[in-house]
Amino acid sequence: MKVEFFKHNIGSREIREVNKILTSYFLTTGQEVDKFEDLFSKYLKCKYTIGLTSCTAGLQLALEAFDIGRGDEVITTPLSFIATSNAVIQAGAKPIFVDVKEDSGNINEDLIEGAISKRTKAIMPVHLYGRMCDMEKIRKIADKYKLKVIEDAAHCIEGELNNVRPAMLSDAACFSFYATKSITCGEGGALSTNNKNLAEKIRKMRLHGLTKSAAQRYEKKFSHWDMEEFGWKYNMDNIQAALLINQVKNLGKYWERRDRIWRKYESAFRGIDGIEFFEVPDSIKHARHLFTICVSPDKRDNLIKKLNSQGVGAVVNYRPIHLMKYYKNKFGYKKGDFPVTEQIGRRTISLPLYPKLKDKEVDYIIKAVKKYV
Ligand SMILES: *Cc1c(COP(=O)(O)O)cnc(C)c1O
C-alpha cells in the first residue's frame, strides 16, 4: 500500500473556477481575490483579509507596516517552520527565541516576559500543529510592554481557545495556502486583522506601495497612480483565489474528517509503550493540522525510514530553528539553549492527516507504527 503524506482537496469544482479565470481577461489581483478575502474574513469573523503570495510575506509585511526592523527584537518560538523567524530577519529585526511548553509545543507564555528587552517590539506566537496559544495571556503581556502581536496561524485557520480565534486578539494573523496546508493554491497566503489602518497599508504594501491595483486601473476611467510608500510584490492573483474559494466554503467539512482521523489515531496510540502524543483538552478546538507522535530519540529516524519503506509518508515538524547552521553562526545559538524544543525536535514524527485519507489507510498506518515501535 502507498499512503501519501499529504493529498490536497482540489477537485473538478476548483478546476472549473480556475478555467473561468483563465478564459477571462483578468489573471492578476482582482474581483476573485476580493471574493476570497470576504469569504475568509467571514469564516474567521474578522474585519479584513488581504490575499498574499505566502504566509512568510504576511509576517514580514506586518512587521514592516508597524515599522519594526533594524535594531528591533521580536520574540518567537524555535519550534516552527523556519519561515516564522526568517520573516523577522527579512524585516531587518532580530528573532529572540523563547522555549516551548512540554504539553503542547507552543511558546511558553511564562517565559516571554523574561525575554523582553528595551529593543523588543513584537511577539510572534505560532499555533503549533493547530493548537491555539493562550492569546489572552500573550495580549496581556504585549499590552503591558506596548508590543505588537503577530500570529503565525499557518496551522490554525480553524482553531479556537476560550472563544478566541486567530486575528481576534492580535494585531494581525497570517495564514499559509502552501501545498500541504489545510487549504491550498500551491503557493499563497493571507493576512487578517481588525485594524482598518493596517489593512489599508498592507493592501498597498503587497503591491509596491501603489495607490491603485491593476484591477482598479483596468475598471476605472484613466487616472495616474502614485507610489505613497515602499512595498513588495506579494499580491495574490485571481487564479490562486479561484482555487481557494470553494475550499474556504468546505473548511468545516474538511475539519470534521480530519477530526475523525485524529481521534482514531489517539485511541490507537493511547497507552502504547514507546508512543506519546500531546493530549488536547476537550475545551480546545484544535485545528487538526498535524498529528504528531513522539518516540524515543534513538529510534525516531529509523522509524520514519521503516514507515517510508512500507509506503507510509511521515515527516518531522520540526527540528529546532536555533540549531540550523545559519542561526547558530549568525546569532550564536547552541545546543542546550531551548531544552524542551530540542527534546520534541529529537522525538517527533508527523503522520498523514487529510480528508482524502481513507479509514483503511489510517488502519494501515497505525499497524505499521505499532509494529515498528
Ligand atoms: C507553512 C508555514 C509557514 C510558511 O508559509 P508560506 O505560505 O510557505 O510562507 C509559516 N509558518 C508555519 C508554522 C508554517 O507551517
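Whatever order the structure lists ligands and atoms in, that order sets their numbers, starting from 1. In this text, all values refer to a predicted model and were calculated from it rather than measured experimentally. Here, residue 1 is the first one in the sequence, and each next residue gets the next number.
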Practice task
Evaluate salt bridge (charged side-chain N to carboxylate O under 4.0 Å, His left out) for Arg263 paired with Asp259, printing each intermediate quantity in order.
Solution key: CA-CA 6 Å; Arg263 289 175 193 277; Asp259 183 53; 3.2 Å; yes

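- Ring to ring, Phe277 and Phe269 are not that close: their centroids are 6.0 angstrom or more apart.
- Contacts of Ala154 with ligand 1, taken as heavy-atom pairs under 4.0 Å, involve the side chain alone.
- With 3.5 Å as the limit, one finds no donor-acceptor pair spanning the side chains of Gln247 and Tyr254.
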Exercise for the section: Under the salt bridge (charged side-chain N to carboxylate O under 4.0 Å, His left out) rule, what do Glu109 and Lys101 come out as? Steps first, then yes or no, please. Expected result: CA-CA 9 Å; Glu109 299 93 352; Lys101 291 186 292 192; 3.0 Å; yes

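- Residue Ser80 places a heavy atom under 4.0 Å from ligand 1.
- Protein heavy atom closest to atom 9 (O) of ligand 1, with residue, atom name and distance, is Thr56 OG1, 2.4 Å.
- Ligand-side atoms of ligand 1 in range of His155: 13 (C), 14 (C), 15 (O), range being under 4.0 angstrom from any heavy atom.
- Near Gly188, meaning under 4.0 Å from one of its heavy atoms, ligand 1 places the atoms 7 (O).
- Of all protein heavy atoms, the one lying nearest to atom 2 (C) of ligand 1 is Lys181 NZ, 2.9 Å.
- In terms of polar-atom proximity, defined here as any N/O pair under 3.5 Å, Cys55 does make such a contact with ligand 1.
- Atom 7 (O) of ligand 1 has as its closest protein heavy atom Ser176 OG, 2.7 Å.
- Of the protein's non-hydrogen atoms, Asp152 OD2, 3.4 Å is the one closest to atom 10 (C) of ligand 1.
- Proximity to Ala83 (heavy-atom distance under 4.0 Å) selects the following atoms of ligand 1: 3 (C), 4 (C), 10 (C).
- A parallel orientation is assigned to the rings of Tyr234 and Trp232, their planes being inclined by less than 30° (bins at 30° and 60°).
- In this structure, Tyr318 has a heavy atom closer than 4.0 Å to ligand 1.
- For the residue pair Asn235 and Lys233, a side-chain donor N or O sits within less than 3.5 Å of a side-chain acceptor on the partner.
- Residues that satisfy the side chain to side chain donor-acceptor pair (under 3.5 Å) test with Thr292, not counting sequence neighbours, are absent from this structure.
- The aromatic ring centres of Phe81 and Tyr178 sit 6.0 Å or more apart.
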